[in-house]
Amino acid sequence: MNFTRWSARLPRTQRRIAARADRGARRPKPAAAAGGGSVPAARGESAGPSGRGEPPAAAPSDTAPPAAVPTLDGLSAHDLLGQVPALVAVVYGPEHRIAYLNDTYVELFGSRTPGTPAGQALPELRELGLLPLMDQVLRSGKPRTVKSRQVPAGGPATTPGPRREGVAPGLGRSRHGYYTFTCSPIEMAAPRAVAAAQPTDERAEEGAVDGRPVDGSPVDGSPVDGSIREAAVRKAVAVPEAVATGTVVTDTDTETGTPTEPVRGVLVFGADVTDQVESAERLRASERLQREAAVTLQRSLLPQGLEQPDDLRVAATYQPGGTDAAVGGDWYDVITLGAGRTALVIGDVMGRGVRAAAVMGQLRTAVRAYARLDLPPHEVLQLLDGLAAEIDPHQIATCVYAVHDPNENRLVYASAGHLPILVRDPDGTVRRASEPTGPPLGTGGWLHTTGSVPLGPGASAVLYTDGLVERRDKDIYDGVAALERVFAGATGSPQVMCDRLIRALGITAEHDDDVAVLVLQHPARTGHDAELFHNAALELLGGVEAAPRARAFASGVLASWRFPMELRDLGVLAASELVANSLQHGTPPMRLRLRRTDRRLIIEVTDGDEHLPRRRRAEPVDEAGRGISIVATIASSWGSRRTPGGGKAVWCEFALPAD
């Protein structure tokens, strides 16, 4: 905001006013045009090189003469600043003595005695931290601004305490307010002599000194010399002690008659920004509530506790973005599929906010439902792809779905546009899984494929979202390489490894993106732990005579594992029914596999036929169809799935009794 155009009381304006008056006095008046009776400027003409005032050839003849433009030369600084709807204070000298306070300032903070130092008479400036700023402005000659300073209800000048000298309390604010203060350097005339006040007419009360306006022109409108105009302007901008006492000041030394140096001061301008600050605060509060709701929704949709498989150790962590970042759609999950197999999932929905979190929740629920079908990873992603397009055609997501089978010691996976899985071998070598096997979910029209990577005893793997490795100033695969180096040296439990990866890659509470990390370990068991994990298998050759061999094999193995007699009998019965079902409905090759962990006994039969058995109610007269019902009744759980090479596997589990 440019105050120097408002009044002759602001710095250097009086010199420009006098200069304009001198130029106007020396400018020759052109002769009136014939028949027009007006000067060329009034007709929109300009004087040519000859000074005859001939109109330019290109000027249109029907142009209306412009109206006279009013000037601000005769406008009083007191009147102008007094009408400004902002706080205005003018101080001068190194002690910042009061020169002027406008009505808005006085109404808020109270009246002050002119000439009193601001440190004593303007305590509100000290409480607002403006006095040091005013010192800087006075020394440097450059304006300074502080934004959104709070003025408490009642105002600093009305706070309880002893009455300060030169301070009269103001009305104060009825509620808290905020002001942006700008301190600008100014110069004021410094009078050396003060004469007694003389009566003035009504013209003087409207901004005139000694019966003349502030620009020095007489009341009757006659021309005036430029030196007289400048002297009148200097009188009008004299320090307010003389104005307040009704005296007239001069701007020359009475002994030498030489002009005095101007006094440097500071103009303090406070704009009321309460509405803007409160509006911004309401917006921030609304955004904070929305973010808290999104984070709450996000965390409620994530697993409240990870399922812990028998053969793996698993841990995961999720960290939302900083306060300036909306929550995203990252998620992870661990799903036990039965027969010792485990599905591990991690994904990231595009976008942020509640919408992304809601889409994430729907996808996670769908993944768990599809996982119960025990489908291959690429078929699960194929189903998710169609579902994502139905949920929101404009939303896409990346996802990795991996399955660990302890019998194969491999991690079979399918990736929909997600970052590669990292696997660390027991010797510390870190390998990346191959590139994504398909595009992101929601794109449609793509057949996903399945890949695999070894994950034997002693190996570890990490699944993660892009927030862990992506930085705005680096390529994302530079971040993946950094993660490889950190992962190669990370040791400890999966949870410890998660925390180390987060810290090593610089993820803090102010990170600009949310992060999900899932770490799994396939521990190498020795000693007593190794005794709790055993496998035994039998190839079922021949015809119906394979059934008694299977029962004898199961009885001997379960006895060697020192199971209780009741559990051995149930295990032998379940193995007999599964083998009989496979011999009747399946095709070779057939195999019986027994497996024990520290928590369960697993019995599985595989054959070459792809038709999955279904549990059904057998009629009293039926001679068959009761085998699967018997297994489902005596076992803790059962299921079936198709095997990758063709065929199927039917399994059941028995929970081991607690020691």
- prompt: Do K648 and V650 pass the side-chain contact (heavy atoms from CB on, under 4.5 Å) test, and can you show the C-alpha distance, the side-chain angles, and the key distance before you say yes or no?
  reply: CA-CA 7 Å; K648 67 176 180 294; V650 184; 4.2 Å; yes

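- Checked for salt-bridge contact, E653 and R600 meet the test: a charged N lies under 4.0 Å from a carboxylate O.
- Interatomic distance, Y464 OH to L483 CG, rounded to the nearest 0.5 Å: 5.5 Å.
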Worksheet entry | Working for salt bridge (Lys or Arg N to Asp or Glu O under 4.0 Å), residues R341 and D311 | CA-CA 9 Å; R341 301 167 69 250; D311 296 273; over 6 Å; no

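- Residue-environment remark: CZ (R313) stays at or below the threshold of 12 foreign heavy atoms within 6.0 Å.
- Shown here is W446, whose CH2 atom has no more than 12 heavy atoms of other residues, nucleotides or ligands within 6.0 Å.
- Pairing each heavy atom of R615 with each of S629, the nearest pair is CG-OG, 3.7 Å.
- Taking every heavy atom of both residues into account, G129 and R149 meet most closely at CA-NH1, 4.0 Å.
- When every heavy atom of K147 is checked against every heavy atom of T180, the shortest pair comes out as CA-OG1, 3.7 Å.
- Ring orientation note: the planes of H404 and H522 are nearly perpendicular, at an angle over 60° on the 30°/60° scale.
- In plain terms, the two heavy atoms of A504 and V486 that are nearest each other are CB-CG1, 3.5 Å.
- Summarising the geometry of V400 relative to L419, their closest heavy-atom pair is CG2-O, 4.2 Å, with the distance given to 0.1 Å.
- Rounding to the nearest 0.5 Å places CH2 of W651 at 15.0 Å from OG1 of T606.
- Other residues, nucleotides and ligands contribute only 12 or fewer heavy atoms inside 6.0 Å of the NE2 atom of H611.
- A salt bridge links R368 to E307: at least one charged side-chain nitrogen sits closer than 4.0 Å to a carboxylate oxygen.
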query: Where do T398 and D348 land on the side chain to side chain donor-acceptor pair (under 3.5 Å) test, with the steps shown first?
result: CA-CA 5 Å; T398 63; D348 186 2; 5.1 Å; no

Start with the C-alpha gap between E604 and N407, add the side-chain angles, then the distance that decides, and say whether side-chain contact (heavy atoms from CB on, under 4.5 Å) holds. CA-CA 11 Å; E604 184 179 68; N407 298 318; 4.2 Å; yes

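- Using a 4.0 Å cut-off between charged side-chain N and carboxylate O, R431 and D425 make a salt bridge.
- One N or O on the side chain of Q521 and one on the backbone of G492 form a donor-acceptor pair closer than 3.5 Å.
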What verdict does the side-chain contact (heavy atoms from CB on, under 4.5 Å) test give for L463 and L520, after you've listed the backbone C-alpha separation in whole Å, the side-chain angles of each residue and the deciding distance to 0.1 Å?
CA-CA 9 Å; L463 291 75; L520 61 143; 3.6 Å; yes

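- In this structure a side-chain-to-backbone donor-acceptor pair under 3.5 Å is present from Q308 to V314.
- Shown here for C399 and L384, the closest heavy-atom pair between the two residues is SG-CD1, 4.5 Å.
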- Message: As a quick check of understanding, evaluate salt bridge (Lys or Arg N to Asp or Glu O under 4.0 Å) for R642 and E379, giving each step before the final call.
- Response: CA-CA 12 Å; R642 292 186 174 89; E379 293 188 20; over 6 Å; no

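- Rounded to the nearest 0.5 angstrom, E470 CD and Y477 OH are separated by 11.0 Å.
- No side-chain donor from either of T587 and D607 sits under 3.5 Å from a side-chain acceptor of the other.
- You'll find the side chain of D466 stays beyond 4.5 Å of the side chain of H418, heavy atoms only.
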Check the pair M360 / L363 against side-chain contact (heavy atoms from CB on, under 4.5 Å), numbers first and verdict last. CA-CA 5 Å; M360 177 274 292; L363 291 179; 5.9 Å; no

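- The backbone N or O of D405 sits nowhere less than 3.5 Å from a side-chain atom of R410 that would complete a donor-acceptor pair.
- Contact of the Q276 side chain with the S279 side chain is not registered, since no non-hydrogen atoms from C-beta on lie closer than 4.5 Å.
- With rounding to the nearest 0.5 angstrom, the CG atom of L592 is 10.0 Å from the OG atom of S582.
- The shortest distance between side-chain heavy atoms of D609 and H585 does not fall below 4.5 Å.
- The pair R284-E281 counts as a salt bridge, with a side-chain nitrogen and a carboxylate oxygen less than 4.0 angstrom apart.
- Residues F654 and L570 have side chains in contact (heavy-atom distance under 4.5 Å, counting atoms from C-beta outward).
- No side-chain heavy atom of W638 sits less than 4.5 Å from a side-chain heavy atom of L578.
- Ion pairing of R424 with E484 is absent here, as no side-chain N (NZ or NE/NH1/NH2) approaches a carboxylate O to less than 4.0 Å.
- Between the CD atom in Q319 and the CG atom in L468 there is a gap of 10.0 Å [rounded to 0.5 Å].
- Judged by distance alone, the side chain of T336 and the main-chain N or O of G338 form no donor-acceptor pair under 3.5 Å.
- In this structure, V517 and Y332 have side chains that are not in contact, with every pair of non-hydrogen atoms separated by 4.5 Å or more.
- No side-chain donor-acceptor contact under 3.5 Å links R568 to the backbone of V557.
- For the pair V519 and Q495, the minimum side-chain heavy-atom distance is 4.5 Å or more.
- Rounding to the nearest 0.5 angstrom, the gap separating the CD1 atom in I346 from the OH atom in Y318 is 11.5 Å.
- Taking 4.5 Å as the limit, every side-chain heavy atom of T465 sits out of range of all side-chain heavy atoms of D514.
- Counting heavy atoms of neighbouring residues, nucleotides and ligands inside a 6.0 Å radius, atom CD of Q304 exceeds 12 of them.
- The 12-atom threshold is not exceeded at CZ of R591, counting heavy atoms of other residues, nucleotides or ligands nearer than 6.0 Å.
- Under a 3.5 Å cut-off, the side chain of S555 and the backbone N or O of A552 do not form any donor-acceptor pair.
- When only modelled atom types and interatomic distance are considered, R500 and T491 share a side-chain donor-acceptor pair under 3.5 Å.
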Can you check salt bridge (Lys or Arg N to Asp or Glu O under 4.0 Å) on D392 and R355, steps first, answer last? CA-CA 10 Å; D392 189 342; R355 178 59 182 169; 3.4 Å; yes

